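These numbers come from a predicted model, not from an experiment.
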Amino acid sequence: MSKVGIIMGSTSDMPVMEKAIEVLKGFDIEVEVDIVSAHRTPEKLFDYAQNAHTRGINVIIAGAGGAAHLPGMVASLSPLPVIGVPVKSRNSIDGWDSVLSILQMPGGVPVATVALDGALNAGILAAQIIGAQDKCVLDKIVVYKEGLKQKVIQGAKDIKK
């Protein structure tokens, strides 16, 4: 079974990160959630990033606000794909500090970056990465996207009434 690791710098990031958890569970993908602070628990970060693949994790989603070092540090240590979620936190500069910290990675250390507070898209992207190798997950993504399409079609019909 496929598994996505979802980590965040503190519990205050959970309201944003819950969207990734919900969408992944909707695709029947196992989720492992933890708090891993790049600045307050660096030893835990190193252990998590270096060993996530040995625990069956396929993709890591890392949410962080402020300086937002968590996704990049995890990507530097892990062989797994990492998706960074910039979180607009109370100590943030309108969220741009988080966006740029995650987005501006050096060559050789990629982090897929979604929009500010974009945990829903991070969850969908993680499912799509897994779906590239798992037909069951891929089929669920196809159904999900068809649902999005139908919602727009219905909205267009409703607005014309």
OG1 of Thr113 to CG of Asn121, rounded to nearest 0.5 Å, is 12.5 Å
Heavy-atom pair with the smallest gap, counting every atom of Thr11 and Pro15: O-CD, 3.9 Å
Using only atom types and a distance under 3.5 Å, with no angle test, would you say the side chain of Lys140 pairs donor to acceptor with the backbone of Gly131? no
Linking I/L/V/M/F/W/Y whenever their side-chain heavy atoms sit closer than 4.5 Å, directly or via other members, would Leu77 and Ile6 fall into one cluster? no
When rounded to the nearest 0.5 angstrom, what distance separates CG in Asp28 from CG in Asp134? 10.5 Å
Just do the side chain to side chain contact (heavy atoms under 4.5 Å, CB included) check on Tyr144 and Ile124 with the steps written out, would you? CA-CA 10 Å; Tyr144 177 83; Ile124 294 167; 3.4 Å; yes
With a 4.5 Å cut-off on side-chain heavy atoms, are Lys145 and Gln128 touching? yes
Taking all atoms of both residues into account, what is the closest heavy-atom pair of Ala64 and Pro71, and its distance? CB-CD, 3.9 Å
On a heavy-atom basis, which atom in Leu116 and which in Lys88 lie closest, and how many Å separate them? CD1-N, 3.7 Å
If you define the side chain from C-beta out and look only at heavy atoms, does anything of Val33 sit under 4.5 Å from Met8? yes
For Ala52 against Leu80, the heavy-atom pair lying closest together: CB-CD1, 3.9 Å
Measuring only between side-chain heavy atoms, which start at C-beta, is Asp34 closer than 4.5 Å to Lys44? yes
State whether the side chain of Ser101 and the backbone N or O of Ala67 hold a donor-acceptor pair below 3.5 Å, judged by distance alone. yes
Apply the test side chain to side chain contact (heavy atoms under 4.5 Å, CB included) to residues Asp13 and Val85: give CA-CA distance (whole Å), side-chain angles for both, the deciding distance (0.1 Å), then the verdict. CA-CA 10 Å; Asp13 299 330; Val85 178; over 6 Å; no
Identify the heavy atoms of Val4 and Ile57 that sit nearest to each other, and give their distance. C-CG2, 4.3 Å
To the nearest 0.5 Å, atom CG of Leu125 lies from atom CG of Leu120 at 11.0 Å
Tell me if a side-chain donor or acceptor on Ser78 pairs with a main-chain N or O of Gln50 at a distance below 3.5 Å. no
Say you draw a straight line from CZ of Arg40 to OG of Ser10; how long is it, rounded to the nearest 0.5 Å? 5.5 Å
Asp117 and Val87, any side-chain heavy atoms less than 4.5 Å apart: yes
Evaluate the side chain to side chain contact (heavy atoms under 4.5 Å, CB included) criterion for residues Glu146 and Gln150: first the C-alpha distance (whole Å), next the side-chain angles of each, then the deciding distance (0.1 Å), finally the verdict. CA-CA 6 Å; Glu146 180 62 27; Gln150 292 305 320; 2.6 Å; yes
All heavy atoms of Pro79 vs all of Ala49, minimum pair found to be CD-O, 4.5 Å
Connected via hydrophobic side-chain network under 4.5 Å: Ile7 and Val23: no
Between the CG atom in Asn58 and the CD1 atom in Ile129, the distance rounded to the nearest 0.5 Å is 10.0 Å
Is there a continuous path of hydrophobic side-chain contacts, each under 4.5 Å between heavy atoms, that joins Ile141 to Ile61? yes
Counting only heavy atoms not in Gln154, do more than 12 fall under 6.0 Å of its CD? yes
CA sep, side-chain torsions, deciding dist, call: Leu70, Tyr48, side chain to side chain contact (heavy atoms under 4.5 Å, CB included): CA-CA 11 Å; Leu70 182 61; Tyr48 184 93; over 6 Å; no
Atom pair NZ/CG of Lys19 and Leu24 - distance to nearest 0.5 Å: 14.0 Å
For residues Phe46 and Met105: do they belong to one hydrophobic cluster (side chain heavy atoms under 4.5 Å, members Ile, Leu, Val, Met, Phe, Trp, Tyr)? yes
Other residues, nucleotides, ligands: >12 heavy atoms within 6.0 Å of Leu148 CG: yes
Same apolar cluster (I L V M F W Y, side chains within < 4.5 Å links), Val74/Val36: yes
